[in-house]
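Presented below is the structure to which this report refers.
By convention in this document, chain letters (A, B, ...) are assigned in the order of the sequence lines, proteins followed by strands, and residues within each chain are numbered from 1. Computed from heavy atoms alone, side chains included, the values below leave out hydrogens, waters and symmetry copies.
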Protein chains: 2
Amino acid sequence: MAVDREHVLKEAAGLLTRKATASMDEIAKAAGISRATLHRHFAGRDALIRALEDLGLAQFEQALDAARLDEGDAVGALRRLLAEAEPVFAFMAFLCTENQLFEGDLHEGWDRLDARINAVFRRGQEEGCFRIDLSSVWLTEALYGLIGAGAWAVHDGRVARKDLNHSIAELLLGGARRSMEK
Amino acid sequence: MAVDREHVLKEAAGLLTRKATASMDEIAKAAGISRATLHRHFAGRDALIRALEDLGLAQFEQALDAARLDEGDAVGALRRLLAEAEPVFAFMAFLCTENQLFEGDLHEGWDRLDARINAVFRRGQEEGCFRIDLSSVWLTEALYGLIGAGAWAVHDGRVARKDLNHSIAELLLGGARRSMEK
DNA sequence: AACGCGTGAGACGTCACTGTCTCATTCGGG
DNA sequence: CCCGAATGAGACAGTGACGTCTCACGCGTT
């Protein structure tokens with residue numbers, strides 16, 4: 001009986017990632033509930049978006065924690081990061097495109113997560129296994145871009161879901177690693 | 001006196017990439033003209049979007065032609081592709097996000113350009129300089145994703161425009177190339 | 001000067017979406 | 001069994017954007 005808020009948010013993220021202009025009615029239908037019920041659980045469109053950001057960031061942060069980014073070398077940390085974050089790629093794709101929508105008005109929690117990822121790349125550069133002619137900031141942006149592109153490619157069948165993680169990790173690590181070793 | 005259609009489209013692309021829900025009034029203001037004049041040159045929002053797609057695809061195709069993708073090795077072809085396409089990255093970023101907006105209803109010309117890029121990656125794989133565990137389809141998607149992420153990163157100053165091309169090329173080529181050689 | 005073209009400003013009706021409401025229905029627990 | 005909570009369906013006015021229109025102005029041409 002009780003609506004699964006998390007399920008609604010997940011469906012909403014999927015729809016809004018594909019179609020940023022989706023109406024509340026479309027979102028409700030995508031989640032399998034009526035527009036009235038959607039409004040009962042989320043005060044309005046703004047509240048829905050905010051909840052979406054909160055849940056996405058929370059899950060992403062949880063993935064970052066689980067990845068133990070400080071342990072081992074940076075390459076392994078990145079692999080663990082992608083493996084842990086894989087279930088929330090859809091949310092991340094939404095967050096990335098949404099951050100573009102609200103120019104300047106970004107969620108305060110985003111900076112913190114951004115810094116943690118940035119730190120991994122910087123550590124990799126300091127350890128000498130990542131090339132230094134690509135800034136850690138760019139590598140972070142590239143990670144988001146690849147996740148977004150990957151989530152989209154999976155969505156309409158151009159990439160198999162089981163290959164997604166390997167595809168992103170190998171491309172990003174191959175591009176970031178110094179070509180000398182190995 | 002006569003409005004520069006191309007300038008209007010360029011401004012519109014820039015604005016719509018950042019804010020997909022921008023109103024016709026906002027687009028007009030961004031282009032420095034009135035809403036009335038905008039409607040005189042483009043029958044409506046749909047027509048504007050269509051014109052945007054047409055111009056973006058035409059410029060992108062022109063870049064592909066100039067890059068002589070069939071000459072030399074695949075790595076060089078990709079470098080030339082990125083160099084030639086660099087001025088139209090903003091348009092491409094728009095096209096990528098816009099293709100997501102109209103699910104299924106994609107521009108017919110896109111397939112052709114997509115196939116040309118895909119062919120470069122496939123050729124690189126057949127020539128043995130690109131790894132084969134990453135599908136050419138994924139590499140193509142990754143190219144779009146990196147261009148989109150790069151254009152966005154440049155837009156709000158996280159990456160210098162002069163570094164953009166190098167950043168994308170090195171990351172993509174580094175990730176795509178077989179790590180054995182060089 | 002007179003004319004015409006393109007533009008800016010604004011008014012207007014239309015339409016889709018929003019947010020809130022009411023009412024009937026259903027499902028589960030006491 | 002009955003009651004209450006949650007849902008679905010629909011009505012309602014408010015809002016904003018859209019597309020079209022008219023009118024006045026600026027500017028170049030004849």
Side-chain angles (χ1 to χ4, degrees), chain A residues 1-56 91 94-95 97-107, chain B residues 1-56 91 94-95 97-107:
Chain A
M1 190 180 244
V3 161
D4 182 357
R5 267 180 72 109
E6 198 155 324
H7 171 259
V8 172
L9 288 175
K10 187 175 177 183
E11 294 296 327
L15 177 58
L16 287 173
T17 302
R18 300 193 301 272
K19 185 179 179 184
T21 62
S23 68
M24 292 293 277
D25 194 66
E26 290 174 302
I27 297 172
K29 287 216 168 34
I33 62 177
S34 71
R35 194 168 67 93
T37 302
L38 181 59
H39 269 96
R40 284 189 189 98
H41 286 272
F42 303 97
R45 191 190 189 77
D46 293 346
L48 175 64
I49 301 293
R50 182 58 55 97
L52 226 34
E53 292 176 348
D54 289 343
L55 179 59
F91 268 115
F94 168 76
L95 289 176
T97 59
E98 197 67 10
N99 274 347
Q100 297 178 7
L101 242 71
F102 301 158
E103 29 187 341
D105 178 22
L106 40 77
H107 200 289
Chain B
M1 191 182 243
V3 162
D4 183 354
R5 267 180 72 108
E6 198 154 323
H7 171 259
V8 172
L9 287 175
K10 187 175 176 181
E11 294 297 328
L15 177 57
L16 287 173
T17 302
R18 301 193 301 273
K19 184 179 178 182
T21 61
S23 68
M24 292 294 277
D25 195 65
E26 290 174 301
I27 297 172
K29 286 213 169 37
I33 61 177
S34 71
R35 194 168 68 95
T37 301
L38 182 60
H39 269 96
R40 285 190 189 96
H41 286 272
F42 303 96
R45 191 191 190 76
D46 292 346
L48 175 65
I49 301 292
R50 182 58 56 98
L52 225 36
E53 293 176 348
D54 290 342
L55 178 59
F91 267 115
F94 168 76
L95 288 176
T97 58
E98 196 66 10
N99 275 346
Q100 299 178 6
L101 240 71
F102 300 158
E103 31 186 340
D105 177 22
L106 41 75
H107 200 288

Within a strict 4.5 Å, meaning less than it, do heavy atoms of the [X] and [Y] side chains meet?
X       : Y       : value
B/Thr97 : A/Thr97 : no
A/Glu53 : A/Ile49 : yes
B/Leu9  : B/Leu48 : yes
A/Phe91 : A/Thr17 : no

Pairs under 3.5 Å (N/O, protein and nucleotides 16-20 of chain C):
from, atom 1, to, atom 2, distance (Å)
C/dT18, OP1, A/Met24, N, 3.1
C/dT18, OP1, A/Arg45, NH1, 3.0
C/dT18, OP2, A/Met24, N, 2.9
C/dG19, OP2, A/His39, NE2, 3.2
C/dG19, OP2, A/Arg45, N, 3.4
C/dG19, N7, A/Arg35, NH1, 3.0
C/dG19, O6, A/Arg35, NH2, 3.1

Give a yes/no on whether any side-chain N or O of B/Thr37 is located under 4.0 angstrom from OP1 or OP2 of C/dG8. yes
Examine C/dG6: is either OP1 or OP2 under 4.0 Å from a nitrogen or oxygen in the side chain of B/His41? Give yes or no. no
Hey, what do you get for CZ (B/Arg5) to NE2 (B/His41), rounding to the nearest 0.5 Å? 8.0 Å
How close do B/Leu16 and B/Ala22 get, counting heavy atoms only, and between which atoms? CD2-CB, 4.0 Å
Which atom names give the shortest non-hydrogen contact between B/Lys19 and B/Glu26, and what distance separates them? NZ-OE2, 2.9 Å
Atom [atom1] of [X] to atom [atom2] of [N]: distance rounded to whole Å?
X       : N      : atom1 : atom2 : result
B/Ile27 : D/dG19 : CD1   : C1'   : 14 Å
B/Leu48 : D/dC18 : CG    : C1'   : 13 Å
B/Leu38 : D/dC18 : CG    : P     : 9 Å

Is A/Lys29 paired with A/Asp25 through a side-chain N to carboxylate O contact shorter than 4.0 Å? yes
Quantify the bending of the helix from C/dA1-D/dT30 to C/dG30-D/dC1 as the angle between its end axes, each fitted on five pairs, to 10°. 10°
Between B/Arg40 and A/Gly32, whichever has its closest DNA chain D nucleotide further toward 5' is A/Gly32
